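Taking it in order: structure first as structure tokens, then the write-up.
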Amino acid sequence: MIKAPIDIEVDIPWLDQKLFSLGKFSLEVGEALSFIAVIVATLVISKILRLAFNRLASRQGVIQHTSAYVIGRIIHYIVLFIGLIIALTALGIEITELALVASALGVGIGLGLQGLVNNFVSGLVLLLEKTVKVGDFVELTNGVVGEVIAIHMRSTWIRTNDNVDLLIPNSEMVSNTITNWTMSDKYRRFRIPFSVAYGSDKEKVKRAALEAAKNVQYTLNTPGREATVWMTGFGDSSLNFTLGVWVQPEQVKRPTALVSDYLWAIDDAFRKYQIEIPFPQRDLHLRSGFSMEKPDEN
């Protein structure tokens, strides 16, 4: 006996219920749920693809961390764009109508979304140009320093050494002057200024400062990156010097603590060698302006 195939149709009336109508366009419950499902699926797929790519890149060891981050962000944007097209199609919007939406979006950009688009394009420039990368230690024009944690669609996330998170618009990161302490080389030389009293033995001062630098454990002493001492000038009450030291990469992101460590070591060395630090000196001249004779009573 041959059985005919059975077609099963599931009719859910409430899915066909209209939410609203706008001209020729009408939105049904099923279309709205499909739109939401596509958006959620797009975000999940994007995250899975980025995690899989980052895991593959870390295993292979061929792609650097910064390059993997850039490629991951580009994958995220591409998946979001494709998912948005599919989601709009699920709403019943045809491709020709999408062109109208794009033109309307262009008008919106011209009217009030310039900043958002500018930040998005600037974010792409940062990702592709790699002048500022995730993990870099940067200094902003207002003197704030911190590590780049992430480069998002609209802003760059920077965390200071005080664990304060700053969200800087990408356009400012592109247009303003940014000092990147770790752009091409993780090693950096710091200059530690200090002063001694007039009359101090300069050779002893130099020896004490170099010994202090040697006692700080993260000071580099490789060829071409040795610690050095410069005499930089004559102050009102002091001889001025600067200690130049190269430090290990992990210390570059701790400038305040680093300067403190070297000043601490220099003070200990000065106490050892009995080198005096300067104190303000002022010459006081007294001039008598009165007579010691007894005034005439007449």
Side-chain angles (χ1 to χ4, degrees), residues 64-66 131-149 157-166 168 177-283:
Q64 297 180 354
H65 173 70
T66 54
T131 51
V132 176
K133 308 179 293 297
V134 173
D136 284 349
F137 196 72
V138 298
E139 180 177 355
L140 307 180
T141 52
N142 57 3
V144 175
V145 294
E147 183 180 0
V148 178
I149 303 300
W157 178 10
I158 296 177
R159 177 171 294 165
T160 68
N161 288 342
D162 295 329
N163 205 29
V164 177
D165 293 333
L166 304 176
I168 309 299
T177 301
I178 304 295
T179 303
N180 192 337
W181 289 16
T182 57
M183 178 177 176
S184 58
D185 195 347
K186 301 297 182 181
Y187 297 96
R188 184 174 180 268
R189 181 166 64 183
F190 283 81
R191 297 169 181 259
I192 316 297
F194 64 93
S195 302
V196 298
Y198 276 109
S200 301
D201 188 336
K202 294 184 291 295
E203 290 299 325
K204 185 184 292 186
V205 170
K206 181 178 180 179
R207 184 165 64 252
L210 293 178
E211 182 177 311
K214 185 178 180 181
N215 290 334
V216 178
Q217 59 183 358
Y218 46 79
T219 304
L220 294 179
N221 196 28
T222 56
R225 289 178 174 170
E226 301 90 349
T228 185
V229 176
W230 301 289
M231 184 174 177
T232 56
F234 299 94
D236 293 338
S237 307
S238 63
L239 298 175
N240 299 330
F241 294 84
T242 296
L243 172 65
V245 286
W246 291 88
V247 299
Q248 297 176 1
E250 58 270 16
Q251 298 302 133
V252 173
K253 299 179 180 181
R254 301 174 59 250
T256 304
L258 181 144
V259 173
S260 174
D261 290 342
Y262 281 105
L263 291 178
W264 195 292
I266 289 173
D267 183 67
D268 290 341
F270 282 180
R271 293 175 184 271
K272 174 182 176 181
Y273 286 95
Q274 297 181 349
I275 299 174
E276 294 184 2
I277 60 175
F279 294 96
Q281 298 178 4
R282 296 290 185 270
D283 293 332

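Small disclaimer: the values here were computed from a predicted structure and weren't measured.
- Atom CD1 of Ile178 sits about 12.5 Å away from atom CE of Met183, to the nearest 0.5 Å.
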With a 3.5 Å cut-off and sequence neighbours excluded, list the donor-acceptor pairs that the side chains of residues 259-268 form with protein atoms.
residue: Asp261; atom: OD2; partner: Tyr218; partner atom: OH; Å: 2.6
residue: Tyr262; atom: OH; partner: Thr219; partner atom: OG1; Å: 2.5
residue: Asp267; atom: OD2; partner: Arg271; partner atom: NE; Å: 2.9

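- Between the side chain of Thr232 and the backbone N or O of Asn240, at least one donor-acceptor pair lies under 3.5 Å.
- When all heavy atoms of Phe270 and Ser195 are compared, the closest pair comes out as CE1-O, 4.2 Å.
- Shown here are the side-chain hydrogen bond (donor to acceptor under 3.5 Å, both in side chains) partners of Asn180, two or more places apart in sequence or in another chain: Asp136.
- Separation of atoms CG (Asn221) and CG (Leu210) is listed at 9.5 Å; rounding is to 0.5 Å.
- Of all non-hydrogen atoms in Ala227 and Val245, the two that sit nearest each other are CB-CG1, 3.9 Å.
- Applying the salt bridge (Lys or Arg N to Asp or Glu O under 4.0 Å) definition to pairs two or more places apart or across chains, those involving residues 248-259 are Glu147-Lys253.
- When every heavy atom of Ile149 is checked against every heavy atom of Val134, the shortest pair comes out as O-CG1, 3.3 Å.
- Once rounded to the nearest 0.5 Å, the distance linking CG of Leu220 with CH2 of Trp246 reads 9.0 Å.
- Remark: Leu258 CG to Phe190 CZ distance equals 5.0 Å, nearest 0.5 Å.
- Not counting sequence neighbours, the partners of Lys272 by the side-chain hydrogen bond (donor to acceptor under 3.5 Å, both in side chains) test are Glu211.
- The local environment of NZ in Lys206 is sparse, with at most 12 non-hydrogen atoms from other residues, nucleotides or ligands closer than 6.0 Å.
- Judged by the 6.0 Å distance and 45° axis criteria, Arg189 is not positioned over the aromatic ring of Tyr187.
- Tested against Phe137 for a side-chain contact (heavy atoms from CB on, under 4.5 Å), the candidates Thr179, Ile158, Asn161, Val148 yield a single pass: Asn161.
- Listed for the Tyr198 side chain is a donor-acceptor partner under 3.5 Å among the backbone atoms of Gly235.
- With sequence neighbours excluded, no residue forms a salt bridge (Lys or Arg N to Asp or Glu O under 4.0 Å) with Asp162.
- Shortest non-hydrogen contact noted between Lys202 and Met231 is CD-SD, 3.8 Å.
- Screening residues 215-233 for salt bridge (Lys or Arg N to Asp or Glu O under 4.0 Å), with sequence neighbours left out, gives Asp185-Arg225.
- We find the CG-OG1 distance between Asp165 and Thr160 to be 7.5 Å, quoted to the nearest 0.5 Å.
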Inset, instruction - Walk me through it: do Val252 and Lys186 pass the test side chain to side chain contact (heavy atoms under 4.5 Å, CB included)? - result: CA-CA 8 Å; Val252 173; Lys186 301 297 182 181; over 6 Å; no
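- Across Ala197 and Leu239, no two heavy atoms sit closer than the pair O-CD1, 4.3 Å.
- Taking each heavy atom of Ala208 and Ala269 in turn, the nearest pair found is O-CB, 3.4 Å.
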